[in-house]
Amino acid sequence: MESKSPPRCPSSVTVRRNPYRKARATPLTNPPQLPSHSTSSSKLPPISSFPIQDILSEEIPQNAPPTVTVTAASQSRSQDSIAENLRVYLRIRPLVPLKGSTKNVGDQNPSSRTKNVWPQNPSKKDSVREKKNSKKKNNESCVTVSEDCHSVTLSPPLPLQESKRIKSEVYEGFSYVFSADSTQSEVYEKMVNPLVEDFLKGKSGMLAALGPTGSGKTHTVFGSAREPGMVPLALQRIFKPAPACSSQSSRRFYLSIFEICAERGKAERICDLTSDGQDLSMQQSAIKGLQEVLVHDVAGAEQLIGRALLKRSTAMTNANSQSSRSQCIINIRRGIDSSDAETDEQSNSTVLSIVDLAGAEREKRTGSQGTRLAESNFINNTSMVFGLCLRSLLEHQKKPKKALQKHFQNSLLTRYLRDYLEGKKRMTLILTVKPGEEDYLDASYLLRQASPFMKIKFTNIEAQSNLLCNKRQFQTTFRAEQPKRIKLGSRDASMIEGKIARDENRLHDEEDLRICNAKFKNCTPLNLNSDNLMKRERNHQIMQNFAKALWSVLKQHNEKLKVAESEIQILKENLRNEKTRSIEMEKELNNLRSFCTCSKENSVASTIVKVGENFESTVHSEGHTFCSFDERNVKVLSPNCNCSPENGDLVRRQQQDMSSQILSHKTSSNLSGLECIDDKQEPDALVRSSEADVSSPSICVSNENCQIFQIHESFPGTGNIHEDSSESNYVVAEHLDPKSDVKVSTSGNDSSASVEPGQQLGEKNEDLLDLLVSPKEVKHTQQQDLTYVPETEIRPDTSCNSSRKEKPKRRLLPASSILVREISTLDADEFDKPRGDGVGNKLAASERQRTQGSISLLRLLKSNLHSLV
Ligand SMILES: Nc1ncnc2c1ncn2[C@@H]1O[C@H](COP(=O)(O)OP(=O)(O)OP(=O)(O)O)[C@@H](O)[C@H]1O
């Protein structure tokens, strides 16, 4: 049976650190659309809402060049203030050093190696030999540079892969990775030359070399005679002959070299390497008494550096025959001639610092003991503090709320480099590693520690820092030169010299103070960095857009205001016209009122209601007066008048008058006990006449000029239903003036008789006028007490208006025709027939409606008609 083995674990896994991230392009936002406005004065579009959201959402594209107008002087400062990421370079030392470089003990041929300077632990001898043998066999590089020279792959040696299962790691994001075969000049060109060029332009900078011991830091920084390092190359560039017209010819460069070391495990101290090596002290971030040597050319500078390096503390370790035991700092300060003081003051404090840190050591590798071990602790401690400062700065930049830890206080080196370690000045790191398999742990440790540093951003506050730097330089120069002068000559001479020196120093002091003051004046408080610039740019854009939008909206409002003002003018004009019209109308109304009062007095007297005996006369005036007459009861109901107020008032007054002035106009009419109840107050109220002796019909005229009565065929309230309901019968009574001629016209479906309009009636014929109430409408009723007239039946005549007053309409009402017909048929049968003879039901039914009063009325009418004819 075949046993299946589990899938093999891959020998190495690539762990990517600091993956390269492409900056995401900031979406370009269109500028806010300003509300367009038309200039139409007649109809303006509604004013658009203020685009405050659009304005506030304004974003400044990161790639957009700043549009803030800056002066030429401030331009360079603003460039300084642009934040930059910390540049981190990596240099890989060759496995086998080039011929001529016999410094490194460990890399030399074992036979030619010097004996280990430190006594070896006998128990470890065998194991060391075995390891050495294995190294010979597997002396391969564990660092592989990528093709783009921005990343490296660190592969653990096979024993580590197998025993500890350590995977290979990729470190990306380096500014550049110099492979083992890279030359010094190549490194200089890519790494240091930009710094030097910036330095010559007036920008300070620092280059710091980090790495384990023996990895090539000192070689990179100082180099050798054959392979000059970065410092000599930089000096060559600095002292490179410049064109005569260039201002560089008038510049001076000062060199200062010092080291920070801890001898025999004691406290740190600062040694000036250019002088006799006296100890210096540090106040805050400034070194007191540090000597600056004015250098005029490359040779003088190299000579000075050479002498200084001889004073530097070095020692032989197992890892390096000349292992640096101190941190060495070289400052190249750019000075100026007094003639250029006013024009180029800032460059006076520009410093290029190059730091060669002592390499971190592992006790196992170096085999340090005693003093060397103490030195090793100091070196490692300083390296650790340096790394802590950078890590703290990185964390602070990631989380600004998190306070920046003050790790720099823990060592003199970090105190001195405070501005750089707090991100205020530009710094460049060069990491050096040994690629051998035995150096894997050192390289891995360094890369893990230092690779995140490339995310650090530096905000250059050149102006402030330069002031500080200048102050420090002033202190150092002043104190450094003092002992130099004291040493001169004998006692007397020294006194004289001292006096002269003091005077000179005072002069120098005053001059420096003057320069400082001038600098302070010129140094604008532009504590700008790129973020601030972007913020200010964005604010500027927002304010600009805000102003534009505000202007546009105000313009629209202004135009709208103009239109509104013109409308107001028109309205005012109209109002004036209306006022004049209303005054005219008021005058007319007053005239009419005066006229009406005259007419009213006349018309009231003409209101006559004559009701025949045993008749209940139900008269429905067109919305004005409703009268129900009975032989004993006379009801006068005044429904709501829907006519015009003027007429309504008049009619109401007439109605009130009517209640008391039901007069017998032509004929004698005795109405007693007459009551008038306005149905407005009491709908069912009755005007009763207990005894009504009406001998002759009468005409009821209620309007002052024209009164139209509409007599319905039936009234539900009274219960009197006309037989022939299909016929619409109306009685129109017109009375223009009681004294004027009365015109009566009657018409109907079966019109048999009519009185032509305009026909004048004599006194005899006035009875006929009284009979304009149709017999059908004037019905006999047995109701003795109450007659209910529903309000709905009272139909006001809305046509009663002023126009009617002027030109009254004449209507021929069918009721009159019926009346005439009945009069004509009266001879034939009505009078002779006894009542209720039962000849015909239909006739009998009609007869039932005819009362004795109606018969007598008809007779009277007939006789009058005959006489009229
Ligand atoms: N790129 C290189 N090419 C040739 N030789 C090199 C290179 N880098 C270093 N070396 C040689 O390696 C040896 C050790 O180098 P170096 O003294 O510069 O190491 P280091 O990092 O300064 O060590 P330490 O921290 O102990 O001072 C020297 O002999 C030097 O010549």
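Atoms within each ligand, like the ligands themselves, are counted from 1 in listed order. Bear in mind the structure is a predicted one, so any value in this text is a computation, not a measurement. Throughout, numbering of the chain's residues begins at 1 and tracks the sequence.
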ask   = Charged N to carboxylate O under 4.0 angstrom, E197 versus R237?
value =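 The answer is yes: the pair qualifies as a salt bridge.
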Within-cut-off N or O pair, [X] and ligand 1, under 3.5 Å:
{"X": "L357", "answer": "no"}
{"X": "T218", "answer": "yes"}
{"X": "S324", "answer": "yes"}
{"X": "T432", "answer": "no"}
{"X": "S323", "answer": "yes"}

query = Taking the minimum heavy-atom distance to atom 21 (O) of ligand 1, which of E227, R226, K217 ranks first?
reply =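 Of the listed residues, K217 has the closest heavy atom.
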For ligand 1, which atoms sit closer than 4.0 Å to a heavy atom of [X]?
{"X": "G359", "answer": "25 (O)"}
{"X": "P94", "answer": "1 (N), 2 (C), 3 (N), 4 (C), 7 (C)"}
{"X": "P212", "answer": "21 (O)"}
{"X": "G216", "answer": "8 (N), 9 (C), 15 (O), 16 (P), 18 (O), 19 (O), 20 (P), 21 (O)"}
{"X": "S215", "answer": "19 (O), 20 (P), 21 (O)"}
{"X": "R91", "answer": "1 (N)"}

task = Please name all residues satisfying ring pair (Phe, Tyr, Trp, His ring centres under 6.0 Å) with F258, sequence neighbours left out, ordered by chain then number.
result =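 If we apply the ring pair (Phe, Tyr, Trp, His ring centres under 6.0 Å) test to F258, skipping adjacent residues, the hits are Y416.
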inquiry  = Could you report the tightest heavy-atom contact between K167 and Y440, atom names first, then the distance?
reply    =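 Heavy atoms of K167 and Y440 come nearest at O-OH, 4.0 Å.
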Min heavy-atom dist G214 to ligand 1 below 4.0 Å =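 In this structure, G214 qualifies as a contact of ligand 1 - some heavy atom is under 4.0 Å.
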Under 3.5 Å, is there a donor on one side chain and an acceptor on the other for [X] and [Y]?
{"X": "E259", "Y": "S326", "result": "yes"}
{"X": "Q184", "Y": "R91", "result": "yes"}
{"X": "T428", "Y": "R426", "result": "no"}

inquiry  = Just to verify, which of L255, I305, I332 counts as forming a side-chain contact (heavy atoms from CB on, under 4.5 Å) with V295?
reply    =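 The passing option is L255.
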task = Look at the aromatic rings of F253 and F199 and report parallel, tilted or perpendicular, splitting at 30° and 60°.
result =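 Because their plane-to-plane angle lies in the 30° to 60° range, the rings of F253 and F199 count as tilted.
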request  = For the residue pair L421 and F386, establish whether any side-chain heavy-atom pair is separated by less than 4.5 Å.
outcome  =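 Yes, close enough: below the 4.5 Å cut-off.
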